[in-house]
S.K.: 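Questions regarding the structure given below will be posed in turn.
Naming: A, B, ... by sequence-line order, numbering from 1 per chain. Here the structure is a predicted model, which means the values were calculated and not measured.
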Amino acid sequence: MGNYSVVVLDFETTGLSPQYGDRAIEIGAVLVENNEIVDRFQSLMNPGMKVSSFIEEYTGITNRMLDSSPSITEVMHEFTRFMAQHHLVAHNAGFDSRFLDAELQRINQQRCQEFACSLLISRRVYPELTSHSLESLVRSKNLKTDGVHHRALADAEMTAHLWVNIVNDIKAEYGFKQVPFDLLKRLSKVSKSLAPTFLRRAAENQE
DNA sequence: TGCCAGGCCCTCTTTAGGGCCTT
């Protein structure tokens with residue numbers, strides 16, 4: 001049983017690149033302790049710009065919904081209290097960390113928490129799968145879902161279930177008593193072909 | 001005004017290109 005907690009988060013945004021002016025429009029996050037979701041955070045946020053029809057269709061989040069939503073500043077201040085000092089997890093964390101860092105910078109704050117990526121880790125733990133998109137993983141691993149996709153809280157919850165599934169599968173296959181966050185961080189940087197050896201050796205050397 | 005992502009990972013690789021993954 002992991003003795004640490006993680007916050008699994010997901011952003012919906014106006015596009016793919018905060019460097020080119022894209023902004024967050026929704027954040028969803030769950031706090032996972034001992035393989036259980038024990039708290040949730042969700043909010044739309046008004047980006048102060050119109051989102052494209054593609055984004056309206058992709059997420060189901062409309063300009064009308066965003067018009068009456070709180071500001072990004074307000075929501076991000078609340079979210080910093082929710083994430084506190086917990087380790088962070090996201091599916092394709094490079095994307096979410098870029099938006100998180102960009103929005104934090106706009107409110108003069110900085111992230112100090114470590115980020116782990118469930119996409120990179122699942123590619124190493126489930127190399128037999130041909131697709132590692134969140135939707136495919138939910139299907140192939142029979143993860144709990146309410147059928148909603150591309151909304152922040154629903155995606156964060158599915159990612160949390162994926163995270164727990166990964167931890168449990170590594171325990172079962174390699175005989176870990178617990179799977180530290182740092183081990184999964186390091187696993188995500190090991191080459192795919194060396195991942196099984198890395199895990200086997202780590203299991204042999206655990207305290 | 002309009003330009004328009006970034007990083008991983010494989011391979012017919014490393015003097016590179018293209019698919020995947022996120023919205």
S.K.: Taking the C1' atom of each, how far is B:dG19 from B:dT15, in whole Å?
M.R.: 22 Å
S.K.: For A:Tyr20 and for A:Thr59, locate the closest nucleotide of DNA chain B by heavy-atom distance; then report the residue assigned to the nucleotide nearer the 5' terminus.
M.R.: A:Tyr20
S.K.: Within the 4.0 Å heavy-atom criterion, would you say A:Ser131 contacts the bases, only the backbone, or no part of the nucleic acid?
M.R.: sugar-phosphate
S.K.: Using the C1' atom as the point on both nucleotides, what is the distance between B:dC9 and B:dT13, in whole Å?
M.R.: 12 Å
S.K.: Using only heavy-atom distances, determine whether the side chains of A:Tyr174 and A:Asp169 contain a donor-acceptor pair under 3.5 Å.
M.R.: no
S.K.: To the nearest 0.5 Å, what is the distance between CG (A:Asn63) and CE (A:Met49)?
M.R.: 10.0 Å
S.K.: Mind checking the C1' distance from B:dC4 to B:dT23? Whole angstroms is fine.
M.R.: 14 Å
S.K.: Just to be sure I understand the rule, does A:Phe54 reach a base, reach only the sugar-phosphate, or reach nothing, if contact means heavy atoms closer than 4.0 Å?
M.R.: base
S.K.: Students often get this wrong, so: under 4.0 angstrom with heavy atoms, is A:Thr14 touching a base, only sugar-phosphate, or nothing?
M.R.: nothing
S.K.: Mind checking A:Arg23 for me? I need base, sugar-phosphate or nothing, with any heavy atom below 4.0 Å counting as a touch.
M.R.: nothing
S.K.: So which one's nearest nucleotide on DNA chain B is more toward 5', A:Ser17 or A:Glu12?
M.R.: A:Ser17
S.K.: Are the side chain of A:Glu157 and the backbone N or O of A:Gly28 linked by a donor-acceptor pair below 3.5 Å?
M.R.: no
S.K.: Backbone N or O of A:Tyr126 within a donor-acceptor pair of the A:His132 side chain at under 3.5 Å?
M.R.: yes
S.K.: Other than A:Phe82, what residues sit in its cluster of Ile, Leu, Val, Met, Phe, Trp and Tyr side chains whose heavy atoms are under 4.5 Å apart, directly or through others?
M.R.: A:Val7, A:Leu9, A:Phe11, A:Leu16, A:Ile27, A:Leu31, A:Val38, A:Phe41, A:Met45, A:Ile72, A:Val75, A:Met76, A:Phe79, A:Met83, A:Leu88, A:Phe95, A:Phe99, A:Leu100, A:Leu104, A:Ile107, A:Phe115
S.K.: Anything under 4.0 Å to a heavy atom of chain A counts; send over the first and last such nucleotide of DNA chain B, read 5' to 3'.
M.R.: B:dC4 to B:dT23
S.K.: Can you check the distance between B:dT1 and B:dG17, where both ends of the measurement are the P atom (answer in whole Å)?
M.R.: 35 Å
S.K.: Taking atom C1' in both B:dC12 and B:dA16, compute the distance separating them and give it to the nearest angstrom.
M.R.: 11 Å
S.K.: With a non-hydrogen cut-off below 4.0 angstrom, is A:Leu119 in contact with a base, only sugar-phosphate, or nothing?
M.R.: sugar-phosphate
S.K.: Please classify the nucleic acid contact of A:Asp96 as base, sugar-phosphate, or nothing, using heavy-atom distances under 4.0 Å.
M.R.: nothing
S.K.: Assign A:Ile25 to base, sugar-phosphate, or nothing according to its heavy-atom contacts below 4.0 angstrom with the strands shown.
M.R.: nothing
S.K.: Kindly say whether A:Glu12 contributes a backbone atom to a donor-acceptor pair with the side chain of A:Glu26 at under 3.5 angstrom?
M.R.: no
S.K.: Can you name the ring pair (Phe, Tyr, Trp, His ring centres under 6.0 Å) partners of A:His150, sequence neighbours left out?
M.R.: A:Tyr58
